[in-house]
Amino acid sequence: MANAAPAGRTSHSQATPAVRRPPASSGGASSRQAASVTSRALALLGTFDAEHSAQSLSSMARRAGLPVATAHRLAGELVAWGGLEKLNGEYRVGQRIWRLGLLAPAQQNIAEVAAPFMQDVLFVTHNVVNLFILDGNEVLLVERMSGTSAGQPFRRVGARLPLHASAAGKLMLAYGPKDLFSDAVQRLEPKTPRTITSPGVLATEIERIRAQGYATTEEEAGTDNYGLAVPVFLPNKQIVAALGIVTRGRPAPVGSVVPVLNIASRGIARRLGAEHLPQ
C-alpha cells in the first residue's frame with residue numbers, strides 16, 4: 001500500500017492517541033493516594049475495641065491487614081498527632097481521639113455524665129467539686145460544682161493548671177503516659193513558694209500517689225488553696241479524668257472525703273465505659 005508506514009514504524013495518522021491523565025490538582029492519582037493513606041490509618045484505628053484496648057504493633061498490623069512497616073509509619077504519625085499513645089511497647093487510643101469523640105452529637109459530654117455524681121460529692125462534702133481532663137501538658141477544668149455553703153470557687157471552667165502543681169495533674173503524671181513525666185520535669189515553674197520544683201521530689205510524690213490512689217496539693221497552685229483528687233478510670237484502666245475538691249484554710253479530711261470521691265469516680269467510669277467512650 002502506497003500510504004503504508006515503513007515496517008517497524010507507525011505513521012502519525014495511525015498512532016494510538018496518548019492517554020491524558022488528569023493533573024494532580026484535579027483529584028487524580030494524588031487523591032487516590034491520599035484516600036489510600038487515610039483508609040489505612042482508619043483501618044489501624046479500627047483495630048481497637050473492648051477486647052483490644054492495648055495492642056502491639058504486630059497485632060495492629062495483622063488485624064488491619066497492613067504490612068508491619070506501613071503500620072509502624074502510620075502509628076508513629078498517629079502518636080505524634082495524639083490519636084494513639086504508646087506505653088510499654090503497646091499502643092492505646094489517644095486522648096485526642098477521645099476529645100474529638102466528645103464533639104459527636106451521639107456522644108454525651110463527659111461533664112454531663114459526671115454532673116450528677118459531682119452533685120452528690122458537693123452534697124456530702126460541702127466543698128467545691130472539680131472535674132479535670134488532660135489537655136497537652138496541662139489539665140483542663142471541664143466542670144465545676146459549688147454551692148452557697150461551699151465558698152467561692154478557685155477556678156472557672158476552662159481554666160488550665162500545670163501537671164506538677166495540681167492534684168489532678170499529679171494523677172495524670174501517675175497514671176497517664178510515661179512521657180508526661182519526662183516532659184513535666186522540664187517545666188517545673190513555681191506557682192507559689194510551696195510548688196514542687198525538684199524532679200526527685202516530684203518522682204517521690206508520684207510514687208506515693210500510685211501507692212495510695214489519690215493526690216493532694218497544699219498551696220502549690222495558689223495561696224490558701226488545698227486540693228484532693230482521685231482518678232477516673234475506664235474498664236481498660238485508662239485514666240480519662242480526675243475528680244476532686246478544693247478547700248480553703250486547711251486540707252480536707254482524707255479519711256472521709258476520699259471514699260466519697262471514689263464512689264463518684266466509679267459511677268462516672270461505669271457510665272463512660274458502658275455508654276460513651278471506647279474501652
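One is the number of the first residue; the rest follow in order along the sequence.
In this structure, CZ on F132 lies 9.5 Å from CE on M172, to the nearest 0.5 angstrom. Atoms CZ and CG, from R40 and L45 in turn, are 15.0 Å apart once rounded to the nearest 0.5 Å. Residue N262 holds its CG atom at 9.0 Å from CG of L243, rounded to the nearest 0.5 Å. Separation of atoms CZ (R92) and CD (Q238) is listed at 6.5 Å; rounding is to 0.5 Å. Note that CE of M145 and OG1 of T125 are 12.0 Å apart. Values are rounded to the nearest 0.5 Å. Atom CZ of R96 and atom CG of L134 lie 13.0 Å apart (nearest 0.5 Å).
At a threshold of 4.5 Å between non-hydrogen side-chain atoms, the residues R266 and F117 do not count as touching. The closest side-chain heavy-atom distance from I245 to N130 is not below 4.5 Å. Considering only heavy atoms from C-beta on, L202 comes within 4.5 Å of L173 through its side chain. Contact annotation: the side chain of R160 never approaches that of L141 to less than 4.5 Å [non-hydrogen atoms, C-beta and beyond]. Between L122 and N127 there is no side-chain heavy-atom pair separated by less than 4.5 Å. V240 is not listed as a side-chain neighbour of I133, based on a closest heavy-atom distance of 4.5 Å or more. Side-chain atoms of L228 and V258, non-hydrogen and from C-beta on, do get closer than 4.5 Å to each other. Between L163 and L180 the shortest side-chain heavy-atom distance falls below 4.5 Å.
Using modelled atom types, no side-chain atom of T197 and backbone atom of L188 make a donor-acceptor pair closer than 3.5 Å. Within the 3.5 Å criterion, the main-chain N or O of E205 finds no donor-acceptor partner in the side chain of K170. Remark: side-chain polar atoms of D224 are paired, donor with acceptor, to backbone N or O of G249 under 3.5 angstrom. With hydrogens and angles disregarded, no donor-acceptor distance shorter than 3.5 Å links the side chain of S265 to the backbone of L261. No donor-acceptor pair closer than 3.5 Å links the side chain of T192 to the backbone N or O of A221.
Across every non-hydrogen atom of R210 and A174, the tightest pair is NE-O, 2.7 Å. Closest approach of A168 to A229, counting heavy atoms only: N-CB, 4.2 Å. Here the closest non-hydrogen pair linking A167 and A215 is O-CB, 3.4 Å. Contact detail for S146 and V128: the closest heavy-atom pair is CB-CG2, 4.0 Å. Taking both residues in full, the closest heavy atoms of V113 and P116 are given as O-CD, 3.5 Å, listed atom of the first, atom of the second, then distance.
Defined by atom type and a distance below 3.5 Å, a donor-acceptor pair is present between the side-chain atoms of S58 and S56. When only modelled atom types and interatomic distance are considered, S166 and E220 share no side-chain donor-acceptor pair under 3.5 Å.
Cluster membership check: V129 does not share its hydrophobic cluster with I263, using side-chain heavy-atom separations under 4.5 Å among Ile, Leu, Val, Met, Phe, Trp and Tyr. Neither I209 nor V257 shares a network with the other; the hydrophobic side chains, linked directly or stepwise wherever heavy atoms of I, L, V, M, F, W or Y lie under 4.5 Å apart, form separate groups for each. Side-chain heavy atoms closer than 4.5 Å link hydrophobic residues (I, L, V, M, F, W, Y) into clusters, and following such links, even through other members, never connects V139 to V121.
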Where do R144 and L131 land on the side-chain contact (heavy atoms from CB on, under 4.5 Å) test, with the steps shown first?
-> CA-CA 6 Å; R144 182 199 69 201; L131 184 73; over 6 Å; no
Please test L171 against I239 for side-chain contact (heavy atoms from CB on, under 4.5 Å), starting from the C-alpha separation and ending with a verdict.
-> CA-CA 9 Å; L171 288 171; I239 185 171; 4.2 Å; yes
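Note on residues 196-234: pairs passing ring pair (Phe, Tyr, Trp, His ring centres under 6.0 Å), not counting sequence neighbours, are Y175-F233.
Residue T47 forms a side chain to side chain donor-acceptor pair (under 3.5 Å) with just one option from R62, R63, Q55, H52, and that option is Q55.
For E189, the side-chain contact (heavy atoms from CB on, under 4.5 Å) partners at least two apart in sequence or on another chain are H164, R187.
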Using atom types as modelled, flag every donor-acceptor pair under 3.5 Å from a side chain in residues 68-90 to any protein atom, sequence neighbours excluded.
unit_1 : atom_1 : unit_2 : atom_2 : d
E85    : OE2    : Q95    : N      : 3.4
N88    : OD1    : K178   : NZ     : 3.0

